[in-house]
Amino acid sequence: MQVTIIIEKKPGVLDPQAQAINQALSSLGFDDLQDVKMGKQITVSIDTDDEERARYRAAKMCEALLANTVIETYTIEINEPS
Amino acid sequence: MQVTIIIEKKPGVLDPQAQAINQALSSLGFDDLQDVKMGKQITVSIDTDDEERARYRAAKMCEALLANTVIETYTIEINEPS
Amino acid sequence: MRVAIIVFPGSNCDRDMMVAVEALTGRRPALIWHKQSYLDPVDLAIIPGGFSFGDYLRCGALAAHAPVMNALHDHAARGGAILGVCNGFQILLESGLLPGFLAQNKTLKFVCKQTNLSVEGNAICELTKSLDINERLHIPVAHNEGNYFADAETLDSLESNGQVVLRYAKDETGVSDNPNGSANDIAGICAANGRILGMMPHPERAMGAGHKSADGKKLLQSIFEAIIT
Amino acid sequence: MSVQSEMQFENAAAMGLSKEEWERVCAHLGRIPNLCELGIFSAMWSEHCSYKSSKKWLKTLPTDGAQVIQGPGENAGVVDIGDGTAVVFKIESHNHPSFIEPYQGAATGVGGILRDVFTMGARPVALLNALRFGQIDHEKTPHLVSGVTAGIGGYGNCIGIPTVGGEVEFDASYNGNILVNAMAVGIAHSDRIFYSAASGAGNPVIYVGAKTGRDGIHGATMASAEFSDETESKRPTVQVGDPFTGKLLMEACLELMAADAVVAIQDMGAAGLTSSSVEMAAKGGLGMEIDLDLVPVRESEMSAYEIMLSESQERMLMVIDPSQAEIARQIFNKWDLDFMPIGQVTDSDRLILLKEGEIACDIPLAPLVDDAPEYDRPHLKPELLHVIPAAEIRQNIQISDALKKLIGSEDLCSRRWIYEQYDSHVMADTIIGPGGDAALVRVHGTNKALALTVDCTPRYVEADPYTGGKQAVAEAYRNIICVGATPLAVTNNLNFGNPEKPEIMTQLVQSVTGMKDACTQLSTPVVSGNVSLYNETDGKAIKPCPVIGMVGVIEDWQTALGIAIPPETELFIVGQDENINTGWLSNTVYAKIIAGRIDAENQGAPPPVDLMSELQTGQLILDCYKNQLINAVHDISDGGMLVALCEMMLAGNIGAEITLPDNIDTHAWCFGENQSSYIIATSKADEFTKNAAQANIPYLRIGRSISQQELKISNGDIISLKELKQCYDTGLSNRL
Ligand SMILES: Nc1ncnc2c1ncn2[C@@H]1O[C@H](COP(=O)(O)OP(=O)(O)O)[C@@H](O)[C@H]1O
Ligand SMILES: [Mg+2]
């Protein structure tokens with residue numbers, strides 16, 4: 001079962017990278033945009049057909065390694081089989 | 001209009017971080033998974049109500065800066081107004 | 001000899017490079033701010049190491065779009081000589097002046113150490129042609145993304161065209177000193193015309209006189225010799 | 001003021017004020033403070049900003065000397081190194097933030113200390129760090145080590161200041177409370193130092209740098225509170241560092257200072273806009289008025305309290321000459337940074353803050369600073385541990401096996417795994433980087449170089465805080481001497497537990513006294529420093545760790561020596577008499593690693609420090625330098641003589657043979673940690689011994705370098721260099 005994990009900075013936590021990209025975009029003439037946010041997307045295939053279990057495993061991975069839960073939040077989505 | 005851009009490495013392109021995460025997860029006992037992929041997620045608010053235009057602008061941004069199209073692909077999704 | 005050093009807000013080896021160039025040529029190179037959109041004619045343009053724009057997004061990505069880069073492309077199109085060191089190499093790749101890309105080190109860690117380099121025998125690089133190919137160069141690296149990668153086709157053509165200029169050398173036991181996992185132990189490559197050199201090691205930190213080696217001086221010297229003649 | 005305040009003592013207590021302090025606040029105001037005012041008082045009166053527990057003792061430290069341009073009391077200390085040049089330096093802790101988020105905590109620690117240095121008008125040229133982690137096999141340790149190392153590198157590498165030295169220790173007492181102390185060193189023109197005292201009523205107050213967010217609100221009070229499980233889960237205050245903006249700010253400030261526009265400048269460090277505005281105004285004996293609506297913010301609806309207490313990074317407050325305002329603005333534009341006049345200096349002696357047209361705060365400045373509480377906390381007569389005789393500690397083990405175990409242990413093995421992640425060469429002036437004794441950094445474009453080191457041995461301090469305090473200074477001194485430099489001055493970082501406990505206060509008082517005696521005797525005044533208290537987890541204090549950062553100068557860097565033994569040299573121990581006749585095993589790494597004496601009680605008394613001998617031996621080494629009688633030097637410290645020798649061999653990639661004396665315990669001789677001693681390698685043995693004899697300094701020939709790649713001991717033990725190297729090099733990487 002394929003799972004997509006999105007990791008984002010918690011609200012209020014400074015994101016220098018997003019700031020720099022915002023500035024670069026506007027100096028390239030993209031002045032019609034606001035509020036750039038950066039996150040990570042991680043996709044994993046988990047060896048199960050049970051959605052609950054896949055979610056549970058993904059959450060475990062986030063807590064153990066993928067997300068820095070002090071400054072980041074994560075969300076887990078189950079991908080439709082394509 | 002809020003747009004989400006996902007930037008991923010093309011297949012076959014070296015991604016040491018994804019490799020390391022893969023390894024780290026299995027050494028943490030997550031041995032039921034395969035094929036970890038990492039990507040960047042960038043969300044931007046584009047100053048338009050026209051979905052076509054938002055897509056167009058986002059693609060421009062990717063070509064101009066956000067993605068290195070030699071090694072990366074991008075996909076654009078329009079976010080539902082929440 | 002007219003040398004220009006391109007300076008981005010996060011460049012941090014610009015002064016070091018300036019000192020090195022001045023020591024060798026007796027003339028202070030011009031420092032060109034990234035917001036400047038033109039480049040007076042120069043014999044050599046150098047993009048020094050550092051973190052041009054914080055290395056956010058991808059190393060060198062934001063810098064590749066700075067106003068000064070158009071002028072640098074023109075310089076390159078005229079066959080002008082360019083040296084990119086470390087972040088400068090990354091910028092040359094991002095701006096398409098050299099092929100390939102630099103992934104994160106395989107250790108996922110920044111690495112700062114002395115390395116052993118071999119100068120490639122078949123290299124077509126005009127800038128380094130006076131270097132002795134049997135000699136090992138000791139020049140330090142300091143980077144987080146020096147893991148050179150290109151698809152198989154590009155790698156093949158780099159190799160067969162002699163565009164690989166520097167490699168992390170193998171020791172007696174055949175083990176390479178490769179600090180970052182780069183493909184084919186590549187430490188530096190040049191453009192097909194032999195006039196643009198990108199390299200991870202920092203020659204300006206191996207100038208003798210207090211540095212652990214003077215081999216960077218040798219390398220820079222060879223570039224200046226090539227340009228004069 | 002019209003605003004009705006809802007504040008009560010409970011609110012003050014939650015911010016760390018005592019009942020008595022609350023009453024003093026009310027008395028000073030003549031009314032109940034509002035939230036913003038209370039926040040300002042509690043931050044300024046926090047341990048972190050006011051030094052209320054330590055001030056009495058800090059005042060006893062020697063701070064004067066012909067070389068001192070600026071002692072404690074400014075952002076950093078300033079010391080003259082001749083030819084119109086000054087060295088500016090300070091050390092600062094970021095312990096609690098680094099435990100909560102190791103990468104960001106360490107990174108912002110580096111950013112903060114760099115701002116302290118360039119605020120004074122100095123260009124930073126070197127960084128060092130003193131780190132203490134829990135046991136290496138504790139579950140959290142690898143993660144903390146990786147994060148802290150990456151964070152230090154992440155900031156220093158990006159901003160382009162070389163990290164040239166430091167120290168790392170592992171000990172169970174830091175399992176729940178690591179120590180991350182960062183030191184920054186800069187170079188300035190001695191007649192162009194910038195200070196923080198505001199002057200000129202009517203001059204504009206300018207905010208520059210990054211925007212203000214809700215980062216680290218009330219970090220200063222948090223840094224002054226003990227840890228518990230609860231604080232760890234609350235995690236309210238993580239600041240994120242942005243070294244790129246830090247670099248822009250540094251360059252812009254230095255450019256502005258060169259343009260003669262700055263009247264006063266102060267970084268926004270702990271307690272952000274609060275401490276910077278209060279200190280600038282109070283030091284100038286003036287007042288300040290700020291319109292908080294003008295402060296650049298990155299989040300909406302920030303309250304006066306939040307804006308004043310935010311610890312967002314990469315910000316500065318300046319008072320500038322109004323006639324230069326336009327030039328100043330252009331410089332900050334060039335660097336793409338915010339530049340915002342937010343208020344002015346007044347002659348009122350009050351801090352007045354406006355928010356949405358209303359007065360959000362109106363407090364007299366004097367009490368915030370001058371009347372900050374100062375306590376004489378109870379302390380005790382220290383209980384000193386007895387010396388444990390060598391015979392009780394020594395184990396039945398081959399010397400070669402003990403050596404391998406020691407140099408492969410996390411206490412003594414190579415720190416390469418850590419320091420290779422730091423750019424130690426950027427700026428191209430690093431002559432000696434990490435891995436030797438002191439680091440050596442050239443003063444750009446001159447023959448001079450700065451020698452830099454940080455040192456402390458908490459094990460000693462715990463067993464005997466007075467001696468431990470003295471020893472930290474002595475060891476730093478020795479490290480500076482080793483590279484041939486003259487020690488100049490020190491900065492210190494006092495890391496202790498809860499000072500309200502008399503036994504902790506005893507550690508502080510005693511070790512500061514030891515430090516005072518050593519700094520006085522060795523003529524290395526204290527010019528800056530930092531205090532970090534309440535380093536406890538669930539009521540258990542860390543091993544006391546008063547870190548010394550020392551700076552020395554060498555007139556010609558080309559004369560400096562490293563620790564690498566050259567071929568065809570003879571080897572000597574030089575220093576204390578005890579080194580030759582006996583060896584001090586009590587409270588050594590040998591006692592810990594080989595004899596398993598881990599608890600303080602059975603470690604025993606640390607080696608004594610004889611400052612006169614320290615001074616004289618140091619002088620002898622410098623004389624030998626001058627007369628070119630030596631080819632390599634290394635001091636004897638943790639692990640003892642044989643460990644030091646082994647490091648010298650590995651650095652030179654060369655073998656040696658040594659002769660064990662027959663009149664003393666060989667283990668004590670090899671691994672004793674007697675102080676004030678060095679190993680030297682020389683090709684002029686006769687001249688060297690003549691000099692030592694003349695100076696009346698004891699010495700002993702212990703052996704010579706050999707062409708075989710091995711260590712040969714006269715008892716028949718032989719170890720190959722390769723095996724030693726293997727143990728030494730993999731000590732950390734195998735365990736992390
Ligand atoms: N242990 C100490 N010894 C000497 N001076 C100290 C010590 N601790 C702090 N100081 C001095 O007190 C002043 C205030 O320090 P601090 O509050 O840490 O500065 P900052 O506001 O930059 O954090 C500084 O000048 C510092 O050098
Ligand atoms: Mg300060």
Side-chain angles (χ1 to χ4, degrees), chain C residues 7-20 22-23 33-36 48-57 59 62-63 85-87 105 107-115 139-145 179-180 201-213 216-217, chain D residues 123 146 149-164 241-252 333-337 416-435 440-442 444-447 449 556-558 560 562 733 736:
Chain C
V7 183
F8 297 95
S11 298
N12 61 31
C13 304
D14 44 332
R15 186 197 71 180
D16 307 354
M17 188 58 88
M18 180 182 84
V19 170
E22 190 175 0
W33 188 237
H34 64 105
K35 290 180 185 171
Q36 180 175 318
F51 287 69
S52 45
F53 283 87
D55 279 3
Y56 295 131
L57 191 62
C59 307
L62 274 46
V85 171
C86 197
N87 193 227
N105 300 344
T107 55
L108 303 189
K109 292 189 182 73
F110 191 95
V111 60
C112 173
K113 65 189 282 200
Q114 201 70 22
T115 60
I139 303 182
V141 294
H143 59 249
N144 194 49
E145 283 90 1
N180 51 41
H202 286 270
E204 78 280 9
R205 301 186 189 183
M207 299 292 292
H211 296 164
K212 287 207 177 87
S213 134
K217 193 169 171 177
Chain D
R123 176 168 286 278
S146 303
T149 306
I152 290 172
Y155 206 101
N157 300 347
C158 179
I159 198 168
I161 316 291
T163 300
V164 297
D242 178 1
F244 176 58
T245 303
K247 160 92 172 157
L248 305 184
L249 188 62
M250 174 175 83
E251 297 298 346
N333 268 345
K334 168 182 165 191
W335 292 98
D336 293 319
L337 291 169
R416 184 187 298 273
W417 187 89
I418 290 175
Y419 65 67
E420 270 186 0
Q421 297 182 52
Y422 304 147
D423 190 337
S424 51
H425 309 140
V426 61
M427 299 185 91
D429 281 319
T430 304
I431 307 293
I432 301 179
L440 203 62
V441 177
R442 184 161 50 193
H444 189 70
T446 73
N447 289 334
D556 182 0
W557 54 264
Q558 279 169 293
S733 52
L736 287 172

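Residue numbering restarts at 1 for every chain, and letters A, B, ... go by the order of the sequence lines.
- Counting all heavy atoms, side chain and backbone alike, C/Gly54 lies closest to D/Cys158 at CA-SG, 4.4 Å.
- For C/Ser52, the part lying under 4.5 angstrom from a heavy atom of chain D is the backbone only.
- Between C/Arg205 and D/Asp429 there is no salt bridge, since none of the side-chain N atoms of the basic residue sits less than 4.0 Å from a carboxylate O of the acidic one.
- Looking only at side-chain heavy atoms (C-beta outward), C/Arg15 and D/His444 come within less than 4.5 Å of each other.
- Options D/Ala428, D/Gly433, D/Gly445, D/Gly160 differ in how many heavy-atom pairs under 4.5 Å they form with chain C, and the most are formed by D/Ala428.
- Contacts with chain D were tallied for C/Gly49, C/Gly10, C/Cys13; C/Gly10 has the most, counting heavy-atom pairs under 4.5 Å.
- Here D/Asn157 is the residue among D/Leu248, D/Ile432, D/Thr430, D/Asn157 with the most heavy-atom pairs under 4.5 Å with chain C.
- Judged by distance alone, with hydrogens and angles left aside, the side-chain atoms of D/Asp423 form no donor-acceptor pair with the main-chain N or O of C/Ala142 at under 3.5 Å.
- Residue contact with chain C, scored on non-hydrogen atoms closer than 4.5 Å, is absent for D/Arg416.
- The aromatic rings of C/Tyr56 and D/Phe244 sit perpendicular, their planes meeting at an angle over 60°, well past the 30° parallel limit.
- The choice from C/Thr107, C/Val141, C/Asp16 that makes the most heavy-atom pairs within less than 4.5 Å of chain D is C/Asp16.
- Considering every non-hydrogen atom in both D/Asn333 and C/Lys35, the closest pair reads O-NZ, 3.7 Å.
- Of all heavy-atom pairs between D/Ile159 and C/Asn12, the closest is C-ND2, 4.1 Å.
- A donor-acceptor pair is defined here as one N or O able to donate and one able to accept, closer than 3.5 Å; such a pair exists between the side chain of D/Lys247 and the backbone of C/Ser11.
- When all heavy atoms of C/Lys109 and D/Trp417 are compared, the closest pair comes out as CE-CZ2, 3.4 Å.
- D/Ile152 CD1 to C/Phe110 CZ: the interatomic distance, rounded to the nearest 0.5 Å, is 14.0 Å.
- Contacts between C/Pro9 and chain D at a heavy-atom distance below 4.5 Å involve backbone atoms as well as side-chain atoms.
- Separation of atoms CD (D/Glu420) and CD (C/Gln114) is listed at 11.0 Å; rounding is to 0.5 Å.
- Atom CD of D/Gln421 is separated from atom SG of C/Cys112 by 11.0 Å, given to the nearest 0.5 angstrom.
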